[in-house]
Every structure is written in C-alpha cells, then in structure tokens.
Amino acid sequence: QVQLVESGGGLVQAGGSLRLSCAASGSIVGINAMGWYRQAPGKQRELVATITSGGTTDYATSVKGRFTISRDNTKNTVYLQMNSLKPEDTAVYSCNADVVSRGIYYYNRNYWGQGTQVTVSS
C-alpha cells in the first residue's frame, strides 16, 4: 500500500506565497507522473500542474508564471510553490501520483492524498 501526505496549506493574503509538499511512502519501486489538483467549493476538481519522472512540467493556464511544480525523486516528494496568490486560488489542493509497486509482478496504481486547504483572502 502507498500513502500520500500533503502539508503546507493555510491562510494567506492575496499576493502572498505558500509552498505545498506531498510525500509518498509505502510499497514504492518508482513513481511516474506526479501532480497537483484543486477543488473549490461548488466546482469540479481541476488540474493545477504535473511533473514527469524526468522533470517535464505542465501547468493550467490560470497558474502559469505564478506556480512552480518540482519533485525530489530521492524523497518521493512533489512540491508546489505558489506565488502571487489570488482569492480565486482558494481551494482544497490534492496531490496525485502514478506509483510502480511490486507484488508477484510489477504494477502501476494511481494514488491521491487527503488534500490540504489553501485560503487566499482579499
């Protein structure tokens, strides 16, 4: 089994910064893509940013130039640096990971963290 644990959420004023972390632990042989998603009240969950095992990144248009995703493969951890935060960034942020594990065979499985609240006040 694999667990993803997020940290770093909180309350910040508009224009401020926060850094989210998500650490994966458990039966891990390797991790392919990792990503951050968010869900605001009354809205569907949306992709924020993703990063491949090789470091290729992709961002939602709404966060380009303000957010930076990175990862430390030695720690099985993905980060999201969020700068110039806006009230519309308020949401529960969740991390996602495509994990390779090994039982009798190698297999891939997708995991989600429990989510961390980010609130940006105006």
Exercise for review: Could you note down all residue pairs passing disulfide bond (SG atoms under 2.5 Å apart) where residues 16-122 supplies at least one of them, sequence neighbours left out?
Suggested key: C22-C95
Study note, to complete from the structure: Residues joined to Y79 in its hydrophobic cluster, side chain to side chain under 4.5 Å directly or through other members, sorted by chain and number, are none
Revision key, fill the gap. Residue set satisfying side-chain hydrogen bond (donor to acceptor under 3.5 Å, both in side chains) with Y105, at least two apart, ordered chain then number -> none
Point to revise | With sequence neighbours excluded, residues passing side-chain hydrogen bond (donor to acceptor under 3.5 Å, both in side chains) with N83 | key: S17, Q81
Study note, to complete from the structure: The remaining residues in the hydrophobic cluster of L4, counting side-chain heavy-atom contacts under 4.5 Å among Ile, Leu, Val, Met, Phe, Trp and Tyr, are V2, V12, L18, L20, I28, I31, M34, W36, V48, I51, Y59, V63, F67, I69, V78, L80, M82, L85, Y93, V99, Y111, V118, V120
Check your understanding: What residues join L11 in its hydrophobic cluster, counting side-chain heavy atom gaps under 4.5 Å, either direct or through other members?
Key -> none
Exercise for review: Apply salt bridge (Lys or Arg N to Asp or Glu O under 4.0 Å) to E88 and list each qualifying residue two or more places apart in sequence or on a separate chain.
Suggested key: none
Review point. What side chain to side chain donor-acceptor pair (under 3.5 Å) pairs are there with at least one residue in residues 43-57, not counting sequence neighbours?
Key: R38-E46
Exercise for review: Tell me, with the steps shown, if N110 and D98 meet side-chain hydrogen bond (donor to acceptor under 3.5 Å, both in side chains).
Suggested key: CA-CA 5 Å; N110 197 260; D98 179 29; 4.8 Å; no
Revision key, fill the gap. Residues passing the salt bridge (Lys or Arg N to Asp or Glu O under 4.0 Å) test with R66, sequence neighbours excluded, are D89
Review point. If you link I, L, V, M, F, W and Y whenever their side-chain heavy atoms are under 4.5 Å apart, who else ends up in the same group as Y106?
Key: V29, V100
Exercise for review: Can you sort out the partners of S27 under side-chain hydrogen bond (donor to acceptor under 3.5 Å, both in side chains), two or more places apart, ordered by chain and number?
Suggested key: none
Check your understanding: Who are the salt bridge (Lys or Arg N to Asp or Glu O under 4.0 Å) partners of R71, not counting sequence neighbours?
Key -> none
